Amino acid sequence: MRVIECPSQDQAADLVATEILEALHHKPGLVLGLATGSTPIGVYERLVRARREGRADFSRVRTFNLDEYIGLPADHPQSYRRFMREHLFDGVGIPAHHVHFPPTEGKDLLSACRAYEQAIRAAGGIDIQILGIGSNGHIGFNEPTSSLASRTRVKTLTDKTLADNARFYAPGEQQPQLATTMGVGTILEARRILLQSFGSKKAEAVRQAVEGPVSSFWPASALQLHPDVVFYLDGDSASSLTMREYYRRVRRNELELGSH
Ligand code: PGA
């Protein structure tokens with residue numbers, strides 16, 4: 001696991017966007033796993049800018065989003081399909097048929113979830129998975145006690161997640177309680193995982209994910225089992241790490257050796 005403490009959120013977004021753009025340069029048909037929420041917005045802004053300036057071509061990229069709410073139509077302001085259109089897809093010009101979301105409608109969600117997994121495999125697997133982390137340690141909507149071998153399925157959101165996301169809903173507006181999410185096992189199959197975390201609200205989740213035991217109670221801790229994960233943190237999210245100084249030293253050495 002690599003832990004990179006960044007001087008600012010902008011710098012974290014710069015690093016993650018650079019990783020994606022370099023990978024895209026080497027593989028024009030890159031398969032991206034994508035996240036929503038406030039954390040990845042800076043990365044998406046940089047990808048849109050790169051496309052606008054003619055530095056990147058997304059016409060062959062295929063995308064798979066981590067999760068989507070059940071019960072919100074695609075054009076609802078809080079739906080993740082709408083979020084992705086506004087923050088990334090419209091700006092980089094990914095063809096609509098290259099975009100995939102976990103299923104949230106229809107009678108047989110179980111089969112549709114299996115088909116989502118199959119579509120990821122048919123695309124050749126996810127090259128780079130972008131992740132955030134919940135203050136309760138969730139990745140995607142894999143809430144605490146999610147099986148660490150789980151696949152795409154419907155999850156009930158915890159009170160903590162509902163409270164964290166209540167800011168996006170007007171008072172009295174109905175907030176979805178269910179979502180379809182890639183499983184922890186699905187996420188672990190991505191070739192590279194780039195996780196960003198900002199703010200002190202996430203500090204404990206980051207500490208548990210990086211330094212705690214592997215436990216379904218902090219689903220992000222399963223990332224310890226993956227061979228190529230990078231955590232990009234601001235100072236606040238890094239503030240509870242007990243080996244913080246060590247990670248800084250590793251980073252200085254990496255930069256000196258030019259290895260990353
Ligand atoms: P946030 O959400 O980026 O809005 O903080 C992250 C998450 O819950 O995974």
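Just so you know, residue 1 is the first one in the sequence shown, and it goes up from there. As the structure is a prediction and not an experimental result, all values here were calculated from the model.
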Qualifying residue for side chain to side chain contact (heavy atoms under 4.5 Å, CB included) with V230, from I4, V16, L223: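 Passing option: I4.
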Sole candidate of V229, L241, T242, L233 that passes side chain to side chain contact (heavy atoms under 4.5 Å, CB included) when paired with V210: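 Checked V229, L241, T242, L233 against V210; only one passes side chain to side chain contact (heavy atoms under 4.5 Å, CB included): L241.
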Do you see a donor-acceptor pair shorter than 3.5 Å between the side chains of [X] and [Y]?
X    : Y    : value
S146 : R153 : yes
N136 : T158 : yes
Y69  : N165 : yes

Geometric class of the Y80/F83 ring pair [parallel <30°, tilted 30-60°, perpendicular >60°]: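 Answer is perpendicular, since the angle exceeds 60°.
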Do the charged groups of [X] and [Y] touch, with an N to O distance under 4.0 Å?
X    : Y    : result
E254 : R2   : yes
D10  : R46  : yes
D127 : R192 : no
E5   : R248 : yes

Over 12 non-hydrogen atoms of neighbours within 6.0 angstrom of CG in D75: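 Counting neighbours around CG of D75, more than 12 heavy atoms of other residues, nucleotides or ligands fall under 6.0 Å, so yes.
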Q174 CD: over 12 foreign heavy atoms closer than 6.0 Å: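 For Q174, atom CD is not crowded (no more than 12 foreign heavy atoms under 6.0 Å).
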Where [X] and [Y] come nearest, the two heavy atoms and their spacing:
X    : Y    : value
P40  : A35  : CG-O, 3.5 Å
I94  : V99  : CG2-CG2, 3.8 Å
D236 : S200 : CB-N, 3.4 Å
C113 : T180 : SG-CG2, 3.7 Å
A220 : A209 : CB-CB, 3.7 Å
Q129 : L34  : NE2-N, 3.6 Å

side-chain contact (heavy atoms from CB on, under 4.5 Å) between R191 and I128, worked out: CA-CA 6 Å; R191 289 183 191 91; I128 296 181; over 6 Å; no
Y232 ring center within less than 6.0 Å of F198 ring center: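 No.
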Side-chain heavy atoms of S197 within contact of L195, under 4.5 Å: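 Yes, side chains in contact.
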Test item: L148 and L188 side chains (from C-beta on) under 4.5 Å apart, heavy atoms: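 Not in contact.
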Reported CG-to-CZ distance for the pair L32 and F58, which is rounded to 0.5 angstrom: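 The distance works out to 7.5 Å.
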Residue of the set R81, R82, K155 for which salt bridge (charged side-chain N to carboxylate O under 4.0 Å, His left out) holds with E68: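 Considering R81, R82, K155, a salt bridge (charged side-chain N to carboxylate O under 4.0 Å, His left out) with E68 is found only for R81.
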Members sharing W218's hydrophobic cluster (side chains within less than 4.5 Å):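 F217, all in the cluster of W218.
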E143 side chain vs H138 backbone, donor-acceptor pair below 3.5 Å: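 Looks like no, no N/O pair under 3.5 Å.
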Worked check of side chain to side chain donor-acceptor pair (under 3.5 Å) between T152 and E117: CA-CA 7 Å; T152 301; E117 295 272 338; 2.7 Å; yes
side-chain hydrogen bond (donor to acceptor under 3.5 Å, both in side chains) partners of T145, counting only residues at least two apart: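 Partners of T145 by the side-chain hydrogen bond (donor to acceptor under 3.5 Å, both in side chains) criterion come out as none, since no residue qualifies.
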Contacts of type side-chain hydrogen bond (donor to acceptor under 3.5 Å, both in side chains), residue S111, not counting sequence neighbours: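 Partners of S111 under the side-chain hydrogen bond (donor to acceptor under 3.5 Å, both in side chains) test: D108.
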